[in-house]
Amino acid sequence: MKKFTEVKTQWTDIDFTTAIIGETPFVSKINHKSYPSLEKYRINGIYGIKNVLLVYGSDEREVTDKWEVKFGVPLSDENYVGRNEKAYIFRSIDDGKTFDKICLGHGTVEYSRNPPIFTNNTLYIQVDEQDTKKIRYYRSTDLGKTWVSNAWKPSFAWSNGMMFIEHTPSPYEEEILKTVTMSQDGGKTWHPLSGTLKEFYDKTQSLQQLNDHTIVGMTENKEFLFLDLKTMQIEKKVFEIPEHKKIVGFAISNHQLGLEIEEYTLNEGSDTQTSYYFPETKEYVLLPKQLPYQIYWDVKDNYIGGFFNYGDEVFGVPVHVYTLDRGKTWKYEILDKYNLMKVPAYIDGQLWFVASKDSAGGIFLTKGKVE
């Protein structure tokens, strides 16, 4: 029977106070203590492209500290932070040893709903303004070194110039129907979906890229549709899955389709633990044993992994669970020196995350080679 193997990764904690030229420690106006400078920022995401690492978010934590001192608790001006926070990108080209600090003005660089998009040597990001309830977009043609304002950010894009914008309600909007517009000339002109593309999207509500010329989506009946962008032909496939299992979603890894399978329920049915099945190779990536905590999987390259907090859903000890060989072997690591872990990202064989370390506090950007 397969078992978990415990591992110990050599982690490196990066202090932005020294990694960024001119950066200063964060000195709280509440308790007057000094912390590593990353304490100033709310980091929303970590993204790697070629040899460049981007860490991004806003200075919300520093602004909140000033707010609490100015107004006291309870906080009285609900828009103070939104009016004063600034969007930042921290860019490294030496594996996190040093960073350039780039300010994009008012707002916060968003990730959860709209992560960065890189296509045709252009990088696109989104900045949200909480107080004005507006969204701004930026693009970079030099891997994030410089940015210019853009009128839009694609949700899906291909190197041949075809782009899609999938408009979903932001937190600032009332619920509206999801709409999609498309461009075939690199964003110069836009128009609604039509013909085969519209038929495909109406059936799947999805435009995920399987490879350079194929889009894949899943219907309500758990049937999978594949659209060949060269021939504009739709092919339907129904996959055999392990007996008595149910498909709840899918992911794409190394241009292979992975079916997300419901394994068991947790918390009286409110949460579901899932696994992955790759029908092309008939690989069933199943956890060695049932765990009492839900894991949200990150599927990238040969890595399938995730985290749960042991003992407490929020403040518990982080545990990293992963496989690098499609479930043939599983490994785990108890990260008991870290807490409040955020935005983990697997990039080129390394795991990155932001977390507070030890009881003394202080937030660091941490990296380690996953083996």
Side-chain angles (χ1 to χ4, degrees), residues 7-20 23 25-47 53-69 73 75 81 85 87-90 96 99 108-113 115 128 130 171 266-267 271 291-298 305-322 332-347 350-368 370:
V7 297
K8 293 292 183 182
T9 302
Q10 184 175 343
W11 298 104
T12 300
D13 299 320
I14 300 168
D15 185 350
F16 272 23
T17 312
T18 55
I20 302 171
E23 187 75 0
F26 171 65
V27 179
S28 172
K29 295 185 179 301
I30 297 175
N31 61 21
H32 307 293
K33 291 183 178 180
S34 179
Y35 300 94
S37 72
L38 193 53
E39 187 83 32
K40 302 175 186 178
Y41 306 100
R42 177 167 66 90
I43 301 301
N44 293 330
I46 302 170
Y47 184 77
L53 179 74
L54 302 177
V55 180
Y56 48 87
S58 75
D59 62 350
E60 180 200 58
R61 295 174 65 88
E62 183 176 38
V63 176
T64 300
D65 185 73
K66 295 176 181 176
W67 181 23
E68 292 178 350
V69 169
V73 180
L75 309 178
V81 174
E85 72 173 336
Y88 284 100
I89 295 175
F90 304 96
F99 284 85
T108 180
V109 184
E110 179 57 44
Y111 177 83
S112 57
R113 297 184 310 279
D128 287 6
Q130 297 184 35
L266 298 162
N267 301 326
D271 294 323
L291 296 176
Y293 304 94
Q294 185 175 20
I295 300 175
Y296 296 97
W297 298 115
D298 181 17
F307 290 83
F308 65 86
N309 288 335
Y310 179 78
D312 184 271
E313 187 176 352
V314 177
F315 298 104
V317 176
V319 179
H320 180 213
V321 177
Y322 69 95
Y332 77 97
E333 182 168 6
I334 300 172
L335 301 171
D336 52 358
K337 291 185 178 180
Y338 298 95
N339 57 68
L340 300 177
M341 183 179 294
K342 291 182 58 180
V343 295
Y346 179 82
I347 302 170
Q350 292 191 115
L351 188 69
W352 298 78
F353 57 84
V354 171
S356 177
K357 186 177 181 182
D358 297 326
S359 59
I363 296 177
F364 298 88
L365 173 67
T366 298
K367 68 172 183 178
V370 177

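Just so it is clear, the values below take in all heavy atoms, side chains as well, and ignore hydrogens, waters and symmetry mates. If you read the sequence from its start, that first residue is 1, and numbering goes on from there.
Note: L365 CG to T12 OG1 = 10.0 Å, rounded to the nearest 0.5 Å. Residue I20 holds its CD1 atom at 8.0 Å from CG of L38, rounded to the nearest 0.5 Å. Here CZ of F307 is found 11.0 Å from CH2 of W297. Values are rounded to the nearest 0.5 Å. Rounding to the nearest 0.5 Å gives a distance of 12.0 Å between CD1 of I89 and OG of S58. Note that OG of S28 and CD of E62 are 10.5 Å apart. Values are rounded to the nearest 0.5 Å. Remark: K40 NZ to E23 CD distance equals 4.0 Å, nearest 0.5 Å.
At a cut-off of 3.5 Å, with distance as the only test, a side-chain donor of T366 or D13 sits close to an acceptor on the other residue.
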- prompt: Checking side-chain contact (heavy atoms from CB on, under 4.5 Å) for the pair T108/E60: CA distance, chi angles, key distance, verdict?
  reply: CA-CA 8 Å; T108 180; E60 180 200 58; over 6 Å; no

task: Take I14 and W352 through the side-chain contact (heavy atoms from CB on, under 4.5 Å) test and state the conclusion after the steps.
output: CA-CA 11 Å; I14 300 168; W352 298 78; 3.8 Å; yes

- request: Before giving the answer on ring pair (Phe, Tyr, Trp, His ring centres under 6.0 Å), spell out for F16 and F99 the whole-Å C-alpha distance, their side-chain angles and the decisive distance to 0.1 Å.
  value: CA-CA 8 Å; F16 272 23; F99 284 85; 4.9 Å; yes

message: Test side-chain contact (heavy atoms from CB on, under 4.5 Å) on I46 and L53; report intermediate values, then the result.
response: CA-CA 7 Å; I46 302 170; L53 179 74; 3.7 Å; yes

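Between Y41 and F90, the distance from one ring center to the other falls under 6.0 angstrom. Aromatic rings from Y338 and F353 are positioned such that their centres are separated by under 6.0 Å.
No donor-acceptor distance shorter than 3.5 angstrom exists from the side chain of S356 to the backbone of N339, with no hydrogens or angles considered. Between the R61 side chain and the E39 main chain, a donor and an acceptor come within less than 3.5 Å of each other. In this structure, the side chain of K367 does not engage the main chain of Q350 through any donor-acceptor pair within 3.5 Å. Without hydrogens or angle criteria, N44 side chain to V109 main chain gives a donor-acceptor distance under 3.5 Å. Distance alone, capped at 3.5 Å, places no donor-acceptor pair between the Q294 side chain and the L266 backbone.
Contact check for W11 versus L351: side-chain heavy atoms found under the 4.5 Å cut-off. Y47 places none of its side-chain heavy atoms less than 4.5 Å from the side chain of P115. Side-chain contact check for T9 versus V370: every heavy-atom pair is 4.5 Å or farther apart. In this structure, the side chains of D59 and F26 stay at 4.5 Å or more apart for every pair of heavy atoms.
For the pair S34 and P25, the tightest heavy-atom approach, listed with the atom from each and the gap, is OG-CB, 3.4 Å. Shortest non-hydrogen contact noted between M341 and P318 is CE-CB, 3.8 Å. Closest heavy-atom contact between P36 and F364: CG-CZ, 3.7 Å.
When the shell of 6.0 Å around OH of Y293 is examined, it contains more than 12 heavy atoms from other residues, nucleotides or ligands.
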